[in-house]
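Below: the structure, in structure tokens.
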Number of protein chains: 2
Amino acid sequence: MNIGAASEKSGLPAKTIRYYEDIGLLTAERASNGYRDYSMTDVHRMRFIQRSRSLGFSVEECGQLLSLYDDKERESADVKALAKTKLAEMDRKLVELTELRDTLRRLVRSCQGDRRPDCPIIEGLSSAKRKQ
Amino acid sequence: MNIGAASEKSGLPAKTIRYYEDIGLLTAERASNGYRDYSMTDVHRMRFIQRSRSLGFSVEECGQLLSLYDDKERESADVKALAKTKLAEMDRKLVELTELRDTLRRLVRSCQGDRRPDCPIIEGLSSAKRKQ
DNA sequence: CTTGAGCTTCCAGTTACTGGAAGCACTACG
DNA sequence: CGTAGTGCTTCCAGTAACTGGAAGCTCAAG
């Protein structure tokens, strides 16, 4: 399939797919017309990257994960360790995000949304609970 | 207080504080020696930006929020609308993140962490539930 | 056979920092 | 009082991860 179809199936913009190829995260077959030609395996790889990125993995870390994926001889303990580290990070981030969401939600509720210039959202955001 | 102290109190690196000044998000008094001199109000503003950024507001949006904050005559409805939009976005992101965290957690649990090369983490990540 | 969408490469720009050099300012120590 | 070290200053360059745009080739439809 062409890059457009792969883009649609993977959720990655075509530009980004080309960029990932540039930096070595993806490779592409070429059709006789010079167009990139992707298989479902490629799309899986794209989705893998897409998901990993949205999980908070940097492109570099995606590369690590993918290299573990590619090198079937690698011990799965490596993958597990990496995943565990990321998991802890995500848990932390999730708590933080939830807190912030709740703060914002509370503030939106308490804000009148009328013409009073002293909106509590601003007040709340600038003085919200500091940690450590 | 100097930039170092403000950095510590706000959680923003000094470099970043200077950068925010560059792009007009922050201003700074200057002491007689030419050093930037910050008040607690400035630190609040920094914390506001720091929190907003970590909430997923872009620097541009922080600017909008801050301009609403600065211009006391503005209706708070504007702030509320902006906050509400962001709130919806955060809720979506939170759901997505939770899903991904759970996926990763399940996978970490099912992965042996031994020398078997067929780690299910990779498999799971690359084929995880696709939506819409 | 042309029109338009989709593909190609390449280069430039963007966002939000981050690092490093060169040099002035302040504190502390001998 | 000199100097060592840390912190501040500016400025310029680099980074990550895209994103946009130009110039040109390719393909399907009318």
Side-chain angles (χ1 to χ4, degrees), chain A residues 1-39 42-43 45-67 86 89 93 96-97 100, chain B residues 1-39 42-43 45-67 86 89 93 96-97 100:
Chain A
M1 87 195 70
N2 286 355
I3 199 167
S7 164
E8 203 159 320
K9 280 191 210 292
S10 68
L12 288 176
K15 274 269 183 191
T16 305
I17 295 173
R18 291 194 199 98
Y19 168 70
Y20 286 161
E21 185 178 336
D22 258 30
I23 60 170
L25 221 51
L26 292 173
T27 50
E29 295 291 296
R30 293 294 177 136
S32 51
N33 58 8
Y35 285 19
R36 287 172 180 80
D37 185 21
Y38 296 106
S39 65
D42 294 321
V43 172
R45 200 179 170 89
M46 288 172 200
R47 287 200 57 81
F48 171 86
I49 298 170
Q50 197 269 311
R51 287 184 63 87
S52 304
R53 289 286 297 124
S54 88
L55 251 159
F57 290 74
S58 72
V59 167
E60 163 111 29
E61 287 165 329
C62 290
Q64 290 169 30
L65 246 13
L66 283 168
S67 79
K86 275 297 146 192
E89 206 174 286
K93 197 161 187 166
E96 210 170 283
L97 215 63
L100 289 162
Chain B
M1 89 194 68
N2 287 356
I3 199 168
S7 165
E8 203 161 319
K9 280 190 209 296
S10 68
L12 288 176
K15 274 270 184 190
T16 304
I17 295 173
R18 290 194 200 99
Y19 169 71
Y20 285 161
E21 186 179 333
D22 257 31
I23 61 170
L25 221 52
L26 292 172
T27 51
E29 296 291 297
R30 293 296 177 134
S32 51
N33 58 10
Y35 286 17
R36 287 171 180 81
D37 185 21
Y38 297 107
S39 65
D42 294 321
V43 171
R45 199 178 171 90
M46 288 172 201
R47 286 200 58 81
F48 171 87
I49 299 170
Q50 197 269 311
R51 287 184 61 87
S52 304
R53 289 286 297 124
S54 87
L55 251 159
F57 289 75
S58 71
V59 167
E60 163 111 28
E61 287 165 329
C62 291
Q64 290 169 30
L65 245 14
L66 283 169
S67 79
K86 274 296 146 191
E89 206 174 287
K93 197 160 190 167
E96 210 169 284
L97 215 63
L100 289 161

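Note on naming: letters A, B, ... go to the chains in the order of the sequence lines (proteins, then strands), and numbering restarts at 1 for each one.
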Practice task
Please list, by residue number, the residues of residues 10-17 of chain A whose heavy atoms come closer than 4.0 Å to an atom of DNA chain D; answer none if no residue qualifies.
Solution key: K15(A), T16(A)
Problem - Partners meeting side chain to side chain contact (heavy atoms under 4.5 Å, CB included) with N33(B) (sequence neighbours left out) - result: A31(B), Y35(B)
Fill in the blank from the handout: Interatomic distance, CZ@R45(A) vs CG@L26(A), rounded to 0.5 Å, equals 6.5 Å
Practice task
Just call it for R36(A): base, sugar-phosphate, or nothing, with non-hydrogen atoms closer than 4.0 Å on any strand.
Solution key: sugar-phosphate
Exercise for the section: Could you tell me the separation between the OH atom of Y20(B) and the CG atom of L25(B), rounded to the nearest 0.5 Å? Expected result: 7.0 Å
Handout entry: Nearest heavy atoms of F48(A) and C62(A), plus distance in Å
Key = CE2-O, 4.2 Å
Problem - salt bridge (Lys or Arg N to Asp or Glu O under 4.0 Å) contacts touching residues 22-32 of chain B (sequence neighbours left out) - result: E21(B)-R30(B)
Problem - Under the side-chain hydrogen bond (donor to acceptor under 3.5 Å, both in side chains) test, residues paired with S39(B) that sit two or more places apart - result: D42(B)
Exercise for the section: Tell me which residues in residues 19-28 of chain A put a heavy atom below 4.0 Å from DNA chain D, sorted by number, or none. Expected result: Y19(A), Y20(A)
Side-chain donor-acceptor pairs under 3.5 Å in residues 7-14 of chain B, sequence neighbours left out?
residue	atom	partner	partner atom	Å
S7(B)	OG	L12(B)	O	2.7
S10(B)	OG	A6(B)	O	2.8
S10(B)	OG	S7(B)	O	3.4
S10(B)	OG	L12(B)	N	3.1

Problem - Between CG on residue D37(B) and CE on residue M1(B), distance to nearest 0.5 Å - result: 8.0 Å
Completion exercise
One should read off an interatomic distance between I17(B) CD1 and M46(B) CE, to the nearest 0.5 angstrom, of 4.0 Å
Handout entry: Start and end of the DNA chain C segment that chain A contacts, any atom under 4.0 Å from a heavy atom
Key = dG6(C) to dC10(C)
Check the interface with nucleotides 25-28 of chain D: list each N/O to N/O pair with the protein under 3.5 Å, or write none.
residue	atom	partner	partner atom	Å
dT26(D)	O4'	Y35(A)	OH	3.4
dC27(D)	OP1	N33(A)	ND2	2.8

Problem - Length of the CD-C1' vector between E60(A) and dT15(D), whole Å - result: 12 Å
